[in-house]
Amino acid sequence: MKFIQKEHGNGGKQTYELINGLFKPIFGSEILKRGDDSSIFDLASKKIGVTTDSFVVKPYFFKGGDIGKLSVCGTVNDLAVSGLVPKYITASFIIEEGFPIEDLQKIVRSMKEYADIAGVEIVAGDTKVVEKGSCDGIFINTTGFGVCEKEERLPSIEKIKGGQIVIVSGDIGRHGACIYSHSSELGVEEKIESDCAPLNRVINELLKNVEICYMKDLTRGGLATALNEIAQKASVDIYIEEDKVPVSNEVKALCDILGLDSYYLACEGRFVAVINKEDKQKTLEILKKYNKEACEIGWIEDTKEKRVYLKTSFGGTRILDMLYYEMLPRIC
Amino acid sequence: MKFIQKEHGNGGKQTYELINGLFKPIFGSEILKRGDDSSIFDLASKKIGVTTDSFVVKPYFFKGGDIGKLSVCGTVNDLAVSGLVPKYITASFIIEEGFPIEDLQKIVRSMKEYADIAGVEIVAGDTKVVEKGSCDGIFINTTGFGVCEKEERLPSIEKIKGGQIVIVSGDIGRHGACIYSHSSELGVEEKIESDCAPLNRVINELLKNVEICYMKDLTRGGLATALNEIAQKASVDIYIEEDKVPVSNEVKALCDILGLDSYYLACEGRFVAVINKEDKQKTLEILKKYNKEACEIGWIEDTKEKRVYLKTSFGGTRILDMLYYEMLPRIC
Amino acid sequence: MQTAELIWEIKNNIEKIGRSLKVIEVCGTHTVSIYKNGFHTLFEGYIDFISGPGCPVCVTHEGYIDRLVELSSEWTIYTFGDLLKVPGSSKSLSQARANGGKIKVMYSPVDAVEHLENNEKVIFAAVGFETTAPAFALSLEKVIEKGLKNVKFACELKTIDEPLKSLLQNHIRVDGIILPGHVATVIGVDSFKFVEGFKVASVISGFEGYDILLSLLSITQDILNEDFTVKNEYKRVVKKEGNVIAKGYIEKYFERTSAFFRGLGLIPGGGLKIKDEFREYSIDMSYDNTKQKDSLCRCADVLTGKIKPFECPLFEKVCTPISPKGACMVSQEGSCNAYFRYGKWKGR
Amino acid sequence: MQTAELIWEIKNNIEKIGRSLKVIEVCGTHTVSIYKNGFHTLFEGYIDFISGPGCPVCVTHEGYIDRLVELSSEWTIYTFGDLLKVPGSSKSLSQARANGGKIKVMYSPVDAVEHLENNEKVIFAAVGFETTAPAFALSLEKVIEKGLKNVKFACELKTIDEPLKSLLQNHIRVDGIILPGHVATVIGVDSFKFVEGFKVASVISGFEGYDILLSLLSITQDILNEDFTVKNEYKRVVKKEGNVIAKGYIEKYFERTSAFFRGLGLIPGGGLKIKDEFREYSIDMSYDNTKQKDSLCRCADVLTGKIKPFECPLFEKVCTPISPKGACMVSQEGSCNAYFRYGKWKGR
Amino acid sequence: MCLGYPAKVIEIFEDKKALVEYLGVKKMVNIALLKNVSIGDYILIHSGIAIEKIDQKEAEEIEKLFGEVQDANS
Amino acid sequence: MCLGYPAKVIEIFEDKKALVEYLGVKKMVNIALLKNVSIGDYILIHSGIAIEKIDQKEAEEIEKLFGEVQDANS
Ligand code: SF4
Ligand code: SF4
Ligand SMILES: [Mg+2]
Ligand SMILES: [Mg+2]
Ligand SMILES: [Mg+2]
Ligand SMILES: [Mg+2]
Ligand SMILES: [Mg+2]
Ligand SMILES: [Mg+2]
Ligand SMILES: [Mg+2]
Ligand SMILES: [Mg+2]
Ligand SMILES: [Mg+2]
Ligand SMILES: [Mg+2]
């Protein structure tokens with residue numbers, strides 16, 4: 001078995017060999033292959049969107065994906081929920097010496113696979129190697145660019161107002177639960193499958209058919225945190241009905257076992273959308289083609305407390321706040 | 001003293017507070033402040049260039065800069081040597097829990113300072129916190145976008161041919177030597193100052209006044225590695241005259257003490273340019289306004305061995321190859 | 001029966017009683033269940049919920065944390081996640097870890113022992129009530145079996161009866177008590193008989209929403225009937241005599257000691273310590289439990305039902321889950337914390 | 001004097017001698033100086049440079065590396081950077097570190113001791129010739145003074161005289177020898193008197209380009225004059241008797257032993273070992289030095305001047321600094337490595 | 001702190017361990033505090049340790065009342 | 001391996017240490033192997049340890065010959 005060594009990151013001969021022998025053949029982008037200090041290309045429009053994320057998930061292979069797939073989906077999804085068509089991605093690696101090259105290959109292939117599925121091209125990259133103990137296996141940064149096809153279609157926080165409804169694109173908490181289920185000390189037999197997936201297709205179909213007032217992908221902090229961010233930015237209140245929020249049995253089980261709350265568990269292939277009431281049927285029709293669990297979960301009120309409230313199964317109402325606590329394992 | 005804790009990276013309330021309380025006020029970008037999943041803006045041209053780099057330098061404060069300044073300059077320089085005008089930058093942080101918030105503030109301020117100097121706006125960001133021992137203090141990824149002002153001015157590897165001359169923009173090896181000088185076991189009293197600096201101004205002035213056939217900034221792997229990459233890609237040979245290569249006494253001293261070779265030491269504010277003979281005077285005139293050590297160091301030959309040769313002080317000729325060895329401390 | 005009917009019946013009973021009721025629970029898991037299910041809003045005007053000193057994290061003295069922080073530079077501290085955020089006089093365990101202290105979060109003290117290596121220097125932060133005590137007893141047994149010489153227990157286990165007596169005797173007047181179902185699982189219904197002497201409606205309860213509702217129904221009926229015998233709503237799990245094996249484990253390894261409870265002070269017989277014959281597995285945790293940081297925190301009043309969290313002047317303004325000024329805000333099961341996070345419907 | 005004149009004079013002398021000369025150096029720092037300055041191209045057709053077994057890394061047996069790799073799971077190995085890349089039979093120290101072995105690069109074995117803590121388990125990989133031996137002697141002295149009980153030395157120090165004798169007696173016929181200036185600084189000019197018996201022009205040389213040129217001039221003049229006394233070009237540093245204090249340190253802590261040299265085999269008196277009275281500071285490094293990996297590597301022939309690196313069939317094709325097949329390619333001071341990196345002018 | 005969940009015993013192992021299932025999630029737990037545990041029993045787990053068997057008759061009564069289930073897979 | 005560099009003694013400390021300067025870079029070295037070291041002396045350093053004093057008369061002769069300098073700051 002071959003391992004990453006410090007020389008793979010010193011900028012010299014072995015870095016060159018790693019880039020030309022591993023990254024470029026897998027990524028296969030013509031732009032990337034030029035290997036210049038910057039990658040130059042023509043955009044389809046002058047209005048672009050950019051997003052960046054670093055991925056530090058542990059374990060880096062998990063049920064339903066790996067850090068490579070995650071790093072592509074995460075960035076693609078940030079672009080997609082902003083109403084953009086994801087086009088280009090950069091990939092920057094920080095690797096611990098001793099990392100198995102075979103694993104790196106798997107991760108890089110997985111990035112390529114999901115880049116293809118999402119229709120994005122990997123156009124620039126970087127690799128740093130740090131000594132043993134200076135990072136935890138592998139960290140990946142991806143930065144993505146999307147173009148705006150129709151400006152008036154762009155979701156925007158200003159479009160949110162009272163009376164609109166809140167939709168979730170599928171059952172929540174799978175990715176977070178997946179990562180917990182991998183914790184060896186916990187000893188869960190069959191791991192829970194992550195929901196990690198690119199969302200650009202379903203979103204693209206939505207954008208073409210209904211007016212999406214606002215969207216947000218559910219990542220760290222889960223549904224509760226995403227909704228709170230929306231309430232804050234839009235200066236509205238959001239009401240969620242506990243009974244309507246789709247949560248799988250497995251995720252529920254893990255929450256009970258660990259004393260966690262599924263509203264705060266990360267997803268990596270789910271989003272919430274705020275839409276006008278009249279678009280509900282059409283929206284759900286489209287969403288359900290991709291995920292049967294998609295459903296309406298609540299509504300917007302103009303009361304401007306900037307709070308999220310949860311209507312409980314028993315008819316009570318309580319605050320659903322942002323995440324305050326450490327969710328222990330690393331999830332993205 | 002306050003420290004980064006895991007909650008600063010969980011996507012919840014404290015992440016939100018860190019972003020809104022520390023990053024956004026310092027970076028001050030209107031685009032960034034919107035805090036959407038993607039940052040959307042209008043570009044000046046449809047031809048753009050992109051580059052990405054992760055920075056893992058240790059120590060993260062060094063004489064002449066810090067990891068923040070470095071992360072901005074490194075990306076600005078990659079854009080600049082490609083002939084682009086740097087416009088936007090994304091910043092993604094991986095921080096070890098326990099990292100002093102005061103240090104983070106200094107680093108972020110330094111990013112802002114050099115972003116302003118280079119005229120770039122920080123438009124998107126991300127923060128991950130990993131547990132103690134899972135990364136070494138702080139890693140920063142920056143991804144930069146530049147626009148192309150005049151396409152015919154873009155330097156390109158295809159423009160390189162025999163008879164052209166090679167120019168270096170200043171004395172070499174300062175950044176690498178600086179990082180070595182910080183090694184506590186080595187016990188060097190006064191640290192060597194890094195050459196870390198944004199190069200976009202000098203390059204912009206050059207591009208407007210002379211034809212730059214090709215440029216490359218000198219980073220990891222130093223002058224030797226950059227020249228070898230050029231020789232490889234352009235299928236030419238490059239001849240360098242040892243006596244002409246500017247190296248400061250301090251850098252020479254450190255090389256002698258540690259048995260290193262200054263040709264392989266990293267720079268973070270130097271570049272090589274390939275120009276036509278007739279542009280030499282004008283080029284050096286401009287370069288010397290920014291750095292008196294700028295000078296001609298060699299020439300291109302069409303012999304197509306793809307090698308770099310060094311004419312030694314004693315009249316011998318030898319190969320100047322890429323870096324094969326580990327340069328121990330982390331430098332970028 | 002529908003839950004709606006059940007709620008109607010409880011409210012109806014309270015209307016018959018003719019005044020709003022004060023109901024206390026002494027288990028953090030009950031606190032969370034009540035707030036998460038929104039019962040605090042559902043029974044507004046009918047029931048005033050008080051969270052007593054039943055969260056082991058909330059009642060822990062900061063001296064215990066300080067000592068663990070100190071030890072964490074040399075020993076690896078195994079702790080439940082609950083304890084991570086509790087501030088000591090200078091640092092929490094979480095902050096100690098951020099500064100290089102060796103802290104590990106465990107899910108189970110028994111599983112944790114199985115993964116230990118021979119020479120590891122480990123301290124188990126043993127906190128909890130009788131529900132958790134058998135787990136640490138089993139853990140200690142395994143340590144002895146494996147012959148691990150460098151594993152110690154920082155024992156701060158608590159008992160439920162003595163603090164509850166002290167609470168009812170000296171601090172509080174309530175109409176009903178929701179008794180801790182999982183403590184009762186171990187110690188049995190009979191161990192709560194002493195509550196009857198206080199002439200208060202009491203019921204051992206499970207933790208699901210319907211468990212709480214059934215318990216509230218039982219309390220209201222008992223008040224109407226002036227029936228002060230201890231009821232057991234959690235019959236599917238809790239037995240008259242409890243879990244005899246589990247109790248045996250506790251008796252084998254632990255003995256009663258006096259223990260500090262935030263809000264109640266030092267309570268004789270309120271804690272468990274490792275028996276002398278096993279003292280080589282116990283680490284000295286002695287701290288001065290008479291000294292406490294001066295603070296405007298009114299935790300003690302909250303824990304004894306004298307004020308509601310929002311009546312504390314620090315609540316929400318300077319005291320939040322991120323910078324808690326008192327133990328009731330630290331623990332996710334603390335009453336100030338639950339009140340802060342799950343809050344009241346429309347404003348507070 | 002201009003260097004150009006000097007070069008002209010050397011070439012002129014060689015023309016007078018009437019044939020090209022074979023000149024050997026036995027110090028890796030000389031090897032690098034010759035190639036870096038391009039003297040191999042400058043004197044092409046005049047001087048054939050041979051790099052003898054004077055790089056301590058090149059001559060080290062893979063068994064020594066294997067043993068260090070093995071030890072690195074429990075001990076922290078302090079090593080000069082030079083040794084990191086040398087392949088053992090399965091791993092180099094660098095690979096061991098990548099897989100979790102505790103390896104630390106040091107600049108100075110004396111400074112390193114000053115930073116050690118009381119209970120650290122450290123092994124110093126003591127390699128080098130007499131130049132470096134006093135540094136390890138000082139280091140050992142400090143370890144004893146500080147009372148560090150967990151610090152050991154893996155002593156593989158070498159001497160220069162015995163291998164040089166063996167080389168001249170059994171392996172090689174050369175016209176001139178550039179003698180190692182820094183070894184001579186410690187052991188003195190007189191220690192090289194034995195070379196005179198081999199009737200070969202010899203000169204103790206410094207390491208700057210002009211030092212090498214002056215030494216080559218001395219060699220060519222001596223050949224012309226048939227003068228085989230040892231010359232000292234490095235007078236500004238090297239004394240007749242060497243550094244008496246440094247020699248004293250070597251004698252105090254080390255004694256001669258037989259040692260393995262790649263290319264020369266086992267040489268009686270070719271190494272230094274820690275004296276018995278200090279054996280508690282020595283770690284057992286015994287390995288089978290009769291066994292060596294089967295390999296097409298012709299290092300031994302290169303080190304003894306029988307072939308040039310490019311005459312080895314593996315050179316540049318399968319053997320490169322990144323995947324070295326022999327010790328001469330591993331070390332930055334090895335002759336195959338120098339030839340690979342600094343090469344010949346226009347093709348090889 | 002006193003969190004618990006009910007789970008069904010799937011398999012019993014040596015050393016007082018059992019594999020249990022709860023809402024489709026399977027996990028090893030310690031059963032040293034219980035006697036006569038059989039496959040199919042429901043047990044209550046706290047911090048990885050079974051602290052009591054669950055009386056199925058009682059549980060079913062609750063189930064009848066609220067239509068709630070102890071275990072979605074039963 | 002046998003790398004060395006010449007440096008000028010700037011300051012002498014207890015415990016056989018000296019601060020030296022070489023081409024503007026200052027560094028502490030060990031001088032336990034030398035006797036009678038004075039400020040202003042030039043010494044040869046190998047792996048952090050001074051292994052010999054440098055004879056300035058000889059060094060200057062070389063300097064005269066090649067115009068090279070031992071220390072740019074001298
Ligand atoms: S709100 Fe904070 S300060 Fe006030 S009683 Fe609760 S914990 Fe103490
Ligand atoms: S080129 Fe490689 S294989 Fe050939 S002699 Fe040199 S080190 Fe050995
Ligand atoms: Mg570059
Ligand atoms: Mg993003
Ligand atoms: Mg994201
Ligand atoms: Mg790069
Ligand atoms: Mg997002
Ligand atoms: Mg780049
Ligand atoms: Mg770069
Ligand atoms: Mg992000
Ligand atoms: Mg439950
Ligand atoms: Mg020198």
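Chain letters run A, B, ... following the sequence lines, proteins first and then strands; every chain starts at 1. Heavy-atom basis, side chains included; hydrogens, waters and symmetry copies ignored.
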Does [X] have more than 12 heavy atoms from other residues, nucleotides or ligands lying within 6.0 Å of its [atom1]?
X: A:Lys280; atom1: NZ; answer: no
X: A:Lys292; atom1: NZ; answer: no
X: C:Lys121; atom1: NZ; answer: yes

Any residues in residues 30-39 of chain C near chain A, with a heavy-atom distance under 4.5 Å, and which are they?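 C:Tyr35, C:Lys36, C:Asn37, C:Gly38, C:Phe39 fall under the 4.5 Å cut-off.
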Should C:Tyr107 and A:Ile257 be marked as a side-chain contact (heavy atoms from CB on, under 4.5 Å) after you check the CA-CA gap, both sets of side-chain angles, and the distance that decides it? CA-CA 10 Å; C:Tyr107 300 110; A:Ile257 292 171; over 6 Å; no
Side chains of A:Arg318 and C:Arg341 in contact at under 4.5 Å (non-hydrogen atoms):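 They are not in contact (no side-chain heavy atoms under 4.5 Å apart), so the answer is no.
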Flag, side chain of C:Thr41 to backbone of A:Thr317, donor-acceptor distance under 3.5 Å: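 Judged by distance alone, yes, a pair lies under 3.5 Å.
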What distance do [X] atom [atom1] and [Y] atom [atom2] have between them, rounded to the nearest 0.5 Å?
X: A:Leu186; Y: C:Asp111; atom1: CG; atom2: CG; result: 8.5 Å
X: C:Leu42; Y: A:Phe314; atom1: CG; atom2: CZ; result: 9.5 Å
X: A:Asp256; Y: C:Glu208; atom1: CG; atom2: CD; result: 7.0 Å
X: C:Tyr342; Y: A:Tyr309; atom1: OH; atom2: OH; result: 16.0 Å
X: A:Glu185; Y: C:Met106; atom1: CD; atom2: CE; result: 8.5 Å

Under a 4.5 Å heavy-atom cut-off, does chain A meet the side chain of C:Asp82, its backbone, both or neither?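 Answer is neither: C:Asp82 stays 4.5 Å or more from chain A.
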Side chain, backbone, both or neither: which part of C:Ala112 has a non-hydrogen atom closer than 4.5 Å to chain A?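 Answer is both: backbone and side chain atoms of C:Ala112 are under 4.5 Å from chain A.
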Quick check on A:Leu258 against chain C: is it the side chain, the backbone, both or neither that has a heavy atom closer than 4.5 Å?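 Side chain only.
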